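One-based numbering, in listed order, for ligands and for the atoms of each. Just so you know, these numbers use all the heavy atoms, side chains as well, and skip hydrogens, waters and symmetry mates. Note that the structure is a prediction, hence the values are computed from the model and not measured. Count residues from 1 along the sequence.
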Amino acid sequence: MAEDDGKGVVGRIKDKLIASKQQWAREGRLLTGHAAPPAQRLPPGQREVKNWPVLDLGVQPDVPRQAWTLGIDGKVAHPRQWSWAEFLDLPQVALTTDIHCVTAWSRYDNEWEGVSARHLLDLVQPLPGAAHVIFHAYDGYTTNVPLERFAEADVLLAHRWMGEPISREHGGPVRVVIPRLYFWKSAKWVKRIEISEVDKPGFWEVRDYHNEADPWKEERYSDGVQDGAD
Ligand SMILES: Nc1nc2c(c(=O)[nH]1)N[C@H]1C(S)=C(S)[C@@H](COP(=O)(O)O)O[C@H]1N2
Ligand SMILES: [Mo]
């Protein structure tokens with residue numbers, strides 16, 4: 001291609017990926033129009049896969065463990081930052097959960113190890129008025145959830161999957177895991193957790209994806225996007 005927009009090949013591929021995913025949202029692709037109760041393991045419109053697909057913006061940051069830090073700040077009494085060694089010294093939990101990606105694949109029985117969100121919240125102590133959580137990642141990605149979602153018992157800051165360190169492509173050293181929401185809410189390469197009084201819609205949330213992202217309510221795309229199109 002002769003055109004030179006100054007972005008380079010990677011930048012152009014990335015723009016294309018983002019544009020096509022945003023187009024899915026605009027067309028309401030994959031919507032069945034049916035809600036399902038959470039008692040049903042497979043949410044509506046999903047299919048089970050055995051592999052683990054990689055989805056991101058095409059940039060997979062290489063964060064050496066000795067340079068890695070994770071911080072929590074914002075509307076909290078005790079902002080904190082952990083080095084890799086300090087993070088491993090926090091109480092560790094193991095949890096087996098399912099993944100539900102908005103692109104319609106679900107992967108059952110993922111064994112995670114890491115630190116529970118509840119424990120981190122106990123340490124930093126959200127202040128009155130704290131209502132939202134915004135994840136900031138090493139690749140510049142952001143995503144947002146209500147504080148009560150982050151505080152659910154099955155939410156982890158995970159560094160191991162199926163007994164191995166989480167690979168770089170899947171968000172290692174540490175990624176968020178929020179099993180009861182579509183997987184785009186589970187930030188890979190997480191670096192900073194901002195506790196906020198106001199909501200700050202993240203990368204996909206400002207690109208026509210749903211702010212709440214409950215798979216059993218099929219909250220794939222934002223209001224205004226047509227239901228069950230074509
Ligand atoms: N930092 C970061 N986290 C991210 C993304 C990203 O691009 N950057 N993509 C999200 C999306 S859209 C999905 S579906 C999952 C994919 O995680 P996986 O590649 O481990 O399957 O990560 C989410 N977390
Ligand atoms: Mo995704």
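- When non-hydrogen atoms are compared, ligand 1 lies under 4.0 Å from the side chain of Trp189 (C-beta onward) but not from its backbone.
- Residue contact check: Lys21 has heavy atoms under 4.0 Å from atoms 12 (S) of ligand 1.
- With a heavy-atom cut-off of 4.0 Å, Tyr182 does not touch ligand 1 at all.
- At a 4.0 Å cut-off, at least one heavy atom of Cys101 sits close enough to ligand 1 to count as contact.
- Results of the ring-ring contact (aromatic ring centres under 6.0 Å, His included) test with Trp204 over Tyr221, Tyr209, Tyr182 single out Tyr209 as the only residue that passes.
- Nearest to atom 8 (N) of ligand 1 by heavy atom, out of Val177, Asp139, Thr143, is Asp139.
- Judged by the shortest distance from any of its heavy atoms, Trp204 lies inside the 4.0 Å radius around the atoms of ligand 1.
- In summary, the atoms of ligand 1 found under 4.0 Å from a heavy atom of Pro53, numbered by their order in the structure, are 18 (P), 19 (O), 21 (O).
- When non-hydrogen atoms are compared, ligand 1 lies under 4.0 Å from the backbone of Phe183 as well as from its side chain.
- Heavy-atom separations between Lys185 and ligand 1 are all 4.0 Å or longer.
- Of all atoms in ligand 1, numbered sequentially from 1 with element shown, those under 4.0 Å from a heavy atom of Trp105 are 21 (O).
- Heavy-atom proximity to Ala137, at under 4.0 Å, picks out these atoms of ligand 1: 1 (N).
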